[in-house]
Enquirer: 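Sharing a structure here in structure tokens format.
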Amino acid sequence: MMLIGNLDGMTVFARVVEEQSFSGAARKLGMSKSAVSKHVTKLEDSLGIRLLNRTTRRLSLTDAGSTFYLHCARIVEEIETAEHALTDLRGTPRGILRISAPLTFGQRFLPNVIADFMELYPGLKVDIHLADHMVDLVAEGFDMAVRITRLRDSSMIARKLADFNGQLVASPDYLAKRGMPRKPADLGDHDVIAYTNVPNPNVWEFEGTDGPTSVRVNPVLWCNNGEFTAVAAKRGLGIAAEPEFIIAEALHSGELVPVMPEYSTRLGGGIYAVYPERRHLPTKVRLFIDFLVKRFNDGLATEMRGPCAKINKVEHQGRDALSDVLES
């Protein structure tokens, strides 16, 4: 059983497992689906054992396939490391840079960043996946991610790009009808709109002058997208906890008003470039992270805040506007 001549098959097999489909692997590898299938079949024939269970709906690994994949993944990583080392010598990034980023943030702020980066390095291709849920970078084959979070995953290397602020908000109409909560415990008497891509959307955490506190809320609406919850708040459905970059314009226009701005929500944290710990950081990843840092330093962090770059001024304007509404 000689596998030296079947490194291509091992690479293809590893990609099929990571993408969980022949068609997904074909897209990533730039091959036809039939060519991917032939590589895997040839590999199984040379080993004399089935690696994958195939049905019309899904693929699954056999016990032998699970064991073999761990070794294949390690070998493929070593090959990629060798290729990256040669790329470093040339000083020019090549291949495909695979990035994961949050949906709304990615839609608003990354297209121009990536387009400018690709203009600098025309030999590079980019595959970006926008989703609000946290992806497993290693298992899903990503080179890096942009994450808005309080970092907890010690298996990842992170470089901070900017601070990130969150804010409770509501519409003036809602607050005129239901009143302004003054402390987190008051939220129990209010309708709230919950963002669900957090560990517990029904428990909101705060930092105030009296220290950290948490409160159980009773949402009237749940959603996994901050843009959606912000629109719901504008329509008067309740109080929402929103990222600053989503609500800046609505705060400026008065469509939304800050709620309890003296309490910091646990939405806050940072915007990070994150990548798996590895012995050799690919040139394409290092260069893109450096490019991101420069763009944030050159004004992207301010651009994220839109017309509300001076958020404290907006908070005072919002409170004054709300007072006018409540007193009229």
Side-chain angles (χ1 to χ4, degrees), residues 1-88 90 92-101 114 118 121 123-131 133-145 153 155-156 274-285 288:
M1 186 191 314
M2 292 294 292
L3 290 175
I4 297 300
N6 208 351
L7 289 176
D8 285 346
M10 297 169 70
T11 301
V12 171
F13 168 68
R15 184 60 70 189
V16 169
V17 174
E18 290 159 4
E19 295 298 319
Q20 300 181 13
S21 73
F22 284 103
S23 57
R27 285 193 298 272
K28 295 290 185 179
L29 294 167
M31 303 169 62
S32 67
K33 183 178 177 182
S34 61
V36 168
S37 180
K38 287 177 182 177
H39 273 293
V40 174
T41 299
K42 181 182 177 182
L43 181 63
E44 289 178 323
D45 290 344
S46 67
L47 292 169
I49 194 166
R50 180 176 291 278
L51 301 172
L52 293 168
N53 293 314
R54 304 163 175 81
T55 69
T56 56
R57 290 179 176 268
R58 63 189 297 269
L59 295 175
S60 62
L61 285 165
T62 64
D63 290 342
S66 295
T67 301
F68 190 66
Y69 167 70
L70 295 177
H71 294 283
C72 283
R74 194 175 306 126
I75 291 168
V76 170
E77 183 176 1
E78 290 294 335
I79 292 171
E80 290 178 346
T81 297
E83 291 175 342
H84 294 321
L86 291 176
T87 298
D88 282 346
R90 294 195 300 265
T92 303
R94 302 283 178 181
I96 302 174
L97 175 63
R98 298 183 175 92
I99 305 168
S100 169
I114 289 174
M118 293 177 72
Y121 303 105
L124 185 69
K125 300 178 181 179
V126 174
D127 179 0
I128 183 164
H129 176 78
L130 301 180
H133 67 275
M134 196 80 76
V135 301
D136 186 324
L137 298 187
V138 176
E140 298 184 43
F142 289 102
D143 294 303
M144 60 162 293
D153 191 344
S155 68
M156 295 288 147
V274 179
Y275 57 92
E277 187 173 5
R278 60 207 312 178
R279 285 177 293 172
H280 181 87
L281 182 64
T283 301
K284 59 188 178 183
V285 177
F288 184 65

Enquirer: Just how far is it from atom CD1 of I75 to atom CG of L70, taken to the nearest 0.5 Å?
Expert: 11.0 Å
Enquirer: Name each donor-acceptor pair under 3.5 Å that joins a side chain in residues 124-131 to protein atoms two or more places apart or in another chain, with its distance.
Expert:
{"from": "D127", "atom 1": "OD2", "to": "K28", "atom 2": "NZ", "distance (Å)": "2.3"}

Enquirer: Mind checking the NZ-NZ spacing from K38 to K33? Nearest 0.5 Å is all I need.
Expert: 14.0 Å
Enquirer: Do R58 and N53 come within less than 4.5 Å of each other through their side chains, counting heavy atoms only?
Expert: no
Enquirer: Any salt bridge (Lys or Arg N to Asp or Glu O under 4.0 Å) involving residues 14-24? Give me the pairs, sequence neighbours left out, ordered by first then second residue.
Expert: R15-E18
Enquirer: Mind checking whether I99 and F142 have side chains closer than 4.5 Å, heavy atoms only?
Expert: no
Enquirer: Under the side chain to side chain contact (heavy atoms under 4.5 Å, CB included) rule, collect the residues that match up with R54, sequence neighbours excluded.
Expert: F22, V40, T41, E44, R50, L52, L59
Enquirer: Taking C-beta and beyond as the side chain, do F288 and L97 meet within less than 4.5 Å on heavy atoms?
Expert: yes
Enquirer: Can you tell me how far CG of L51 sits from CG of D63, rounded to the nearest 0.5 angstrom?
Expert: 11.5 Å
Enquirer: What distance do R27 atom CZ and S32 atom OG have between them, rounded to the nearest 0.5 Å?
Expert: 13.0 Å
Enquirer: When rounded to the nearest 0.5 angstrom, what distance separates SG in C72 from CD in E77?
Expert: 13.0 Å
Enquirer: Less than 4.5 Å apart, any side-chain heavy atom of L137 and any of M156?
Expert: yes
Enquirer: Around E140, counting heavy atoms of other residues, nucleotides and ligands shown, do more than 12 lie under 6.0 Å from its CD?
Expert: yes
Enquirer: With sequence neighbours excluded, what pairs up with T11 under the side chain to side chain contact (heavy atoms under 4.5 Å, CB included) test?
Expert: V76
Enquirer: With sequence neighbours excluded, tell me which residues meet side chain to side chain contact (heavy atoms under 4.5 Å, CB included) with A64.
Expert: I49, T62
Enquirer: Once the angle between the rings of F13 and F68 is folded into 0 to 90°, is it parallel (under 30°), tilted (30 to 60°) or perpendicular (over 60°)?
Expert: tilted
Enquirer: Under the side chain to side chain contact (heavy atoms under 4.5 Å, CB included) test, which residues partner S21, sequence neighbours left out?
Expert: S23
Enquirer: Of the non-hydrogen atoms in I96 and K284, which two are nearest, and what is the gap between them?
Expert: O-NZ, 2.5 Å
Enquirer: Roughly how far, to the nearest 0.5 Å, is CG of L47 from NZ of K42?
Expert: 12.0 Å
